[in-house]
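Quick notes on the structure that follows.
Convention: sequence-line order gives letters A, B, ...; per-chain numbering from 1.
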Amino acid sequence: MTPAYASPAPVSPALARKLHREITTWYDDAQRDLPWRRPDCSPWGVLVSEIMLQQTPVVRVLPRWSEWMSRWPGPADLARAPVADVLRAWDSLGYPRRALRLQAAARAIVDQHDGRVPADHGTLLDLPGIGAYTAAAVAVFAFGDRQTVIDTNIRRVHARAVTGTALPGKTLTAAQTRLADQLMPRDRELSVRWNQAVMELGALVCTARSPKCGECPVATDCAWLAAGSPPPVDSPTGQRWHGTDRQVRGAVMAVLRSAQSAVPEEWLTVAREVNMPPGSDPGVDRPLEKLLALEAPEDQRRRAVDGLVSDGLAVRTAAGLTLP
DNA sequence: AACTCGTGGGC
DNA sequence: TGCCCAAGAGT
């Protein structure tokens, strides 16, 4: 009986060892000098970087991470910070509830783990905002554990080099997890470098668009290249961004971050012809104009505001909306 | 399993 | 310009 699910062809130990050698050797020279990779970076610094890097490019994270770490060097520092300060420090990194969850994780670390970042994968998984990827990443990069790290870069490298497809698809499959496990070096220290190296290869060379196959250390092993670099099978187009609740939420959050005082809710929900607010609150004018310029009806704006309130990203007061 | 949740840069 | 993408998590 053939199982109903597709099982990946096993990777020969010889090929696996060749990939380990070629990619980790490449990494020794090519790796970027990122602050959260330095030996003196604390586990907390690694955790903060991993949360910020969720769906957010490295170049945008770098300055925010540095400010964040000098302001809140440890979990206890962040745990006692005002939420509004946290959301303003998050700035425009996007997905601001990550900032809320990071602070919730800091409080859990203080309350339940004596103020120290847990080293155990399962314990990390229980913290808010930490899923399978981030738990593995912290266990590996902060504590040198042997865990299989699977992010979008690693999935793409595996898809091309081993499976022979251009892109891995949107969701992580069980077959991809099995393949990643198969490819993991048995040796703990090598496995740590392997995780780092494959991720870096995906970020710098084996990129989603215009991969630099001429610079790839495993070009001669690559199943996708050998197959003639077939184009990706087109995936269903996702939701448009223009005119969505998300766009409105983002614009409202930008107003609240820049506001010195509560913002009347009508300013945030009116669709057109607003009496532009008096310039008494310098800084809000620009984000307020951007919000107003969006093509979104009032009911959508109200829905977006309600969503922010129910997510704890904003609070209603008598004077209007503010950060928590 | 399919959706939601921000933001800005590249092509 | 419009679309795709970036060290995902939670529901």
Side-chain angles (χ1 to χ4, degrees), chain A residues 31-32 34-37 45-65 87 90-102 104-105 124-142 147-157 166-174 176 180 195-204 206-211 231-232 234-257 287 290-291 294 303-304 306-308 310-314:
Chain A
Q31 64 176 289
R32 290 166 291 180
L34 301 174
W36 47 84
R37 282 182 183 164
V46 173
L47 196 162
V48 170
S49 79
E50 292 299 343
I51 300 288
M52 288 184 171
L53 286 164
Q54 290 167 2
Q55 301 289 284
T56 307
V58 167
V59 288
R60 203 176 308 164
V61 166
L62 279 167
R64 294 290 146 267
W65 182 88
L87 288 172
W90 193 260
D91 194 44
S92 56
L93 278 180
Y95 292 147
R97 32 194 207 186
R98 287 183 295 166
L100 258 32
R101 292 178 182 144
L102 179 54
L124 285 162
L125 256 185
D126 286 336
L127 295 173
I130 297 194
Y133 161 75
T134 304
V138 172
V140 170
F141 304 145
Q147 296 281 334
T148 307
V149 177
I150 307 179
D151 78 322
T152 187
N153 291 305
I154 290 176
R155 292 205 301 134
R156 188 173 53 250
V157 172
L167 294 172
K170 311 224 72 170
T171 60
L172 175 64
T173 67
Q176 288 169 12
N195 284 133
Q196 279 279 29
V198 177
M199 196 180 308
E200 193 77 335
L201 186 65
L204 299 183
C206 194
T207 49
R209 288 165 302 187
S210 311
D234 16 55
S235 56
T237 70
Q239 167 200 34
R240 312 212 191 309
W241 164 255
H242 185 75
T244 60
D245 284 9
R246 244 155 128 181
Q247 189 180 25
V248 179
R249 283 174 58 118
V252 172
M253 281 301 292
V255 172
L256 297 185
R257 280 196 306 269
K290 283 188 66 175
L291 171 61
L294 296 180
R303 191 164 61 242
D306 288 343
L308 291 173
S310 77
D311 284 351
L313 289 163

query = Could you give the distance from CG (A:Leu62) to CG (A:Leu34), rounded to the nearest 0.5 Å?
reply = 6.0 Å
query = Contact class for A:Thr207 vs. all strands (heavy atom < 4.0 Å): base, sugar-phosphate, or nothing?
reply = nothing
request  = Would you classify A:Arg101 as touching base, sugar-phosphate or nothing, given that sugar-phosphate means primed atoms plus P, OP1 and OP2, and contacts are heavy atoms under 4.0 Å?
outcome  = sugar-phosphate
task = Would you classify A:Arg257 as touching base, sugar-phosphate or nothing, given that sugar-phosphate means primed atoms plus P, OP1 and OP2, and contacts are heavy atoms under 4.0 Å?
result = sugar-phosphate
query = Looking at residues 241-251 of chain A, who's got a heavy atom less than 4.0 Å off DNA chain B?
reply = A:Trp241, A:Arg246, A:Arg249, A:Gly250, A:Ala251
note = By nearest-nucleotide position on DNA chain B, the 5'-leaning member of A:Leu172 and A:Ala254 is A:Leu172
Set of side-chain hydrogen bond (donor to acceptor under 3.5 Å, both in side chains) partners for A:Arg209, sequence neighbours left out = none
message = For chain A and DNA chain B, what are the first and last nucleotides along the strand, 5' to 3', with at least one atom under 4.0 angstrom from a heavy atom of the protein chain?
response = B:dT4 to B:dG10
inquiry  = Over all strands shown, is A:Gly94 touching base, sugar-phosphate only, or nothing at heavy-atom distances under 4.0 angstrom?
reply    = base
task = Using modelled atom types only, decide if a donor and an acceptor are shared between the side chain of A:Arg37 and the backbone of A:Val46 within a distance under 3.5 Å.
result = no
inquiry  = Counting C-beta onward and ignoring hydrogens, is there a side-chain heavy-atom pair between A:Asn153 and A:Leu201 closer than 4.5 Å?
reply    = no
key: Side chain A:Arg98, main chain A:Gly129, donor-acceptor under 3.5 Å   = no
request  = Taking all heavy atoms of A:Ala99 and all of A:Leu87, pick out the closest pair and write down the distance.
outcome  = CB-CD2, 4.1 Å
Listed partners of A:Arg303 passing side-chain contact (heavy atoms from CB on, under 4.5 Å), at least two apart = A:Asp245, A:Asp299, A:Gln300
note = To the nearest angstrom, the CZ-C1' distance between A:Arg240 and C:dG2 comes to 10 Å
Sugar-phosphate, base or nothing in reach of A:Ile130, heavy atoms under 4.0 Å = sugar-phosphate
ask   = Counting any heavy atom closer than 4.0 Å, what does A:Thr134 reach on the DNA or RNA strands: base, sugar-phosphate only, or nothing?
value = sugar-phosphate
query = What is the distance, rounded to the nearest whole Å, between atom CZ of A:Arg209 and atom P of C:dC5?
reply = 6 Å
note = In whole angstroms, the gap separating P of C:dG8 from CG of A:Leu47 amounts to 15 Å
ask   = At under 4.0 Å between heavy atoms, what does A:Leu34 touch on the DNA or RNA strands: base, sugar-phosphate, or nothing?
value = base
inquiry  = Please give the distance between the P atoms of C:dT11 and B:dG6 as a whole number of Å.
reply    = 14 Å
task = Among the candidates C:dG10, C:dA7, C:dG8, find the nucleotide nearest to the side-chain atoms of A:Trp36.
result = C:dA7
task = Round to a whole Å and report the spacing from OH of A:Tyr133 to P of C:dG10.
result = 14 Å
key: 5′-ward residue of the pair A:Pro128/A:Arg37 relative to DNA chain C   = A:Arg37
request  = For A:Arg64 and A:Trp90, work out which heavy atoms get closest and say how close.
outcome  = CD-O, 3.9 Å
ask   = What nucleic acid atoms does A:Arg155 come within less than 4.0 Å of, heavy atoms only: base, sugar-phosphate, or nothing?
value = nothing
message = From the set C:dC5, C:dA7, C:dG10, return the single nucleotide nearest to any side-chain atom of A:Ala208.
response = C:dC5
ask   = With A:Thr152, which residues qualify under side-chain hydrogen bond (donor to acceptor under 3.5 Å, both in side chains), at least two apart?
value = none
inquiry  = With rounding to the closest Å, how many angstrom separate the P atoms on C:dA7 and B:dT4?
reply    = 23 Å
key: Rounded distance (Å) that lies between atom C1' of C:dA7 and atom CD of A:Gln55   = 9 Å
request  = Measure the distance from CG on A:Leu201 to C1' on C:dA7 and round it to the nearest whole Å.
outcome  = 14 Å
task = Please collect all salt bridge (charged side-chain N to carboxylate O under 4.0 Å, His left out) contacts where either partner lies in residues 246-256 of chain A, sequence neighbours excluded, each pair once.
result = A:Arg249-A:Asp311
ask   = How many Å lie between CG on A:Leu93 and P on C:dA7, as a whole number?
value = 14 Å
query = How would you label the contact of A:Ser92 with the nucleic acid (heavy atoms, under 4.0 Å): base, sugar-phosphate, or nothing?
reply = sugar-phosphate
inquiry  = We want to know whether A:Glu50 and A:Tyr133 form a side-chain donor-acceptor pair, criterion being a heavy-atom distance below 3.5 angstrom.
reply    = yes
key: Atom pair distance, as rounded to whole Å: OH in A:Tyr95 and P in C:dG10   = 14 Å
query = Between C:dC4 and B:dC3, how far is it from one P atom to the other, in whole Å?
reply = 16 Å
